[in-house]
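Note that this is a predicted model, so its numbers are computed, not measured. By convention here, the first residue in the shown sequence is residue 1.
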Amino acid sequence: MMAAMATLKEQLQADLTTSMKARDEATTATLRMVLAAITNVEVAGDEAKALSDSETLGVLRSEAKKRAEAAEIFAGAGREERAEAERSELAIIERYLPAAMPDDELRTVVAAAVAEAAANGATGPKAMGGVIKAVREQVGDRADGGRISAMVKAALV
C-alpha cells in the first residue's frame, strides 16, 4: 500500500525537524518564519482553515518576494551584511517553489496570447488584462506576475 503524499506544509515541518537536528541555524530560522506566516494565513479571518498546497505556495511566494525586496533595500543602503542574510533566506525559501519558467519560453506563451487577442480584435493596452489572464492560465505557478505583466506590456506596445 502506498503512503499518501505529504503536503507542502508537512514537508516544511519535516525539513524544520531535520534542520534542527543538524543544527543548521539559518534553515531552522527561515523555516520557522515561513511556517509562522502559513499559520497566520490559516487563522486569519472568521474561521481557521488548513491551506491547500497552492495556497501554501502563495504564502511562500509572498515571503520570497519580501526577502528579495528587503535584500535590494539593504544593499541600496550599504548594509551588505543584512542584504546577504536576506538573500540566504530567499535561497532557502526558493527550494520549495516550483522552478521558474525561462524567459524565452514565457515570451513564446505571451506572443501566442497576444496573437490570439489580436485575432479576436483586442489590441494595444486595452488587451492587457485579457492577455495576462490567458498567460497566467497557461503558465500557472511557473512565472511571477510581475514578469508576466512586464512581458505582456512590452509585447502590446
Side-chain angles (χ1 to χ4, degrees), residues 3-45 48-114 125 128-129 131-157:
M5 288 278 297
T7 65
L8 183 54
K9 183 176 179 185
E10 289 167 347
Q11 180 64 52
L12 289 164
Q13 290 168 327
D15 290 352
L16 172 62
T17 302
T18 303
S19 72
M20 289 168 73
K21 288 178 181 175
R23 300 192 187 281
D24 181 348
E25 291 178 21
T27 302
T28 300
T30 302
L31 291 179
R32 279 186 174 146
M33 176 268 312
V34 166
L35 285 165
I38 291 168
T39 302
N40 286 341
V41 172
E42 287 177 332
V43 299
K49 64 176 183 145
L51 297 183
S52 68
D53 275 355
S54 66
E55 291 169 321
T56 302
L57 272 175
V59 174
L60 284 172
R61 243 184 234 94
S62 171
E63 292 299 316
K65 185 175 181 183
K66 287 178 191 174
R67 298 301 161 281
E69 290 172 353
E72 240 178 76
I73 291 169
F74 282 126
R79 300 199 46 208
E80 200 50 50
E81 191 174 301
R82 280 296 306 144
E84 197 50 48
E86 295 291 335
R87 285 188 205 105
S88 69
E89 286 182 7
L90 175 60
I92 293 166
I93 295 168
E94 284 177 338
R95 293 182 207 162
Y96 301 94
L97 295 174
M101 180 181 262
D103 281 348
D104 55 338
E105 197 177 323
L106 182 57
R107 264 189 220 94
T108 304
V109 173
V110 168
V114 168
M128 191 159 172
V131 172
I132 289 176
K133 184 178 178 188
V135 171
R136 275 187 175 279
E137 286 172 2
Q138 275 192 291
V139 300
D141 294 335
R142 296 182 359 174
D144 169 69
R147 277 181 61 213
I148 293 172
S149 178
M151 282 194 188
V152 169
K153 188 180 260 184
L156 288 173
V157 173

* Closest non-hydrogen atom pair between A155 and V114, with its separation -> CB-CG2, 3.9 Å

* To do: Could you pull out all residues at least two apart from E63 that satisfy salt bridge (Lys or Arg N to Asp or Glu O under 4.0 Å)?
  => K66, R67

* Minimum side-chain heavy-atom gap R136-S149 below 4.5 Å -> no

* Structure fact -> Here the gap from L12 atom CG to R32 atom CZ, rounded to the nearest 0.5 Å, amounts to 14.0 Å

* Which distance, rounded to the nearest 0.5 Å, do you find between the OG1 of T30 and the CD1 of I92? -> 3.5 Å

* Test salt bridge (Lys or Arg N to Asp or Glu O under 4.0 Å) applied to D103 - qualifying residues, sequence neighbours left out -> R147

* To do: Find out whether Y96 and V34 are in side-chain contact, i.e. whether some heavy atom of one side chain is under 4.5 Å from a heavy atom of the other.
  => no

* Contact summary for L31 and L16, nearest pair of heavy atoms -> CD1-N, 3.5 Å

What donor-acceptor contacts under 3.5 angstrom involve side-chain atoms of residues 72-82, with partners at least two apart or in another chain?
| residue | atom | partner | partner atom | Å |
| --- | --- | --- | --- | --- |
| E80 | OE2 | R87 | NH1 | 2.9 |
| E80 | OE2 | R87 | NH2 | 3.4 |
| R82 | NH2 | E86 | OE2 | 2.7 |

* Please identify each residue that fulfils side-chain hydrogen bond (donor to acceptor under 3.5 Å, both in side chains) with E94, with sequence neighbours left out. => none

* When you measure from the side chain of E10 to the backbone N and O of T7, does any donor-acceptor pair fall under 3.5 Å? -> yes

* **side-chain hydrogen bond (donor to acceptor under 3.5 Å, both in side chains) against K133, all qualifying residues, sequence neighbours excluded** => none

* Asked: Nearest heavy-atom pair of L106 and V135: which atoms, and what distance?
  -> CD1-CG1, 4.0 Å

* To do: Looking only at non-hydrogen atoms, find the nearest pair between A64 and L90 and report the distance.
  => O-CD1, 3.3 Å

* Can you tell me how far CE of M33 sits from CD1 of I38, rounded to the nearest 0.5 angstrom? -> 9.5 Å

* **Atom of A50, atom of E42 and distance for their closest heavy-atom approach** => CA-OE2, 3.8 Å

* Sub-3.5 Å donor-acceptor pair from the side chain of T39 to the main-chain atoms of L35, do we have one? -> yes

* **Residues in side-chain hydrogen bond (donor to acceptor under 3.5 Å, both in side chains) contact with E69, at least two apart in sequence or another chain** => none

* What distance separates R95 CZ from T27 OG1, expressed to the nearest 0.5 Å? -> 4.5 Å

* Considering only heavy atoms from C-beta outward, does the side chain of L51 approach that of K9 to under 4.5 Å? -> no

* To do: Kindly give the heavy-atom pair with the smallest separation between M128 and V152, and that separation in Å.
  => CG-CG1, 3.9 Å

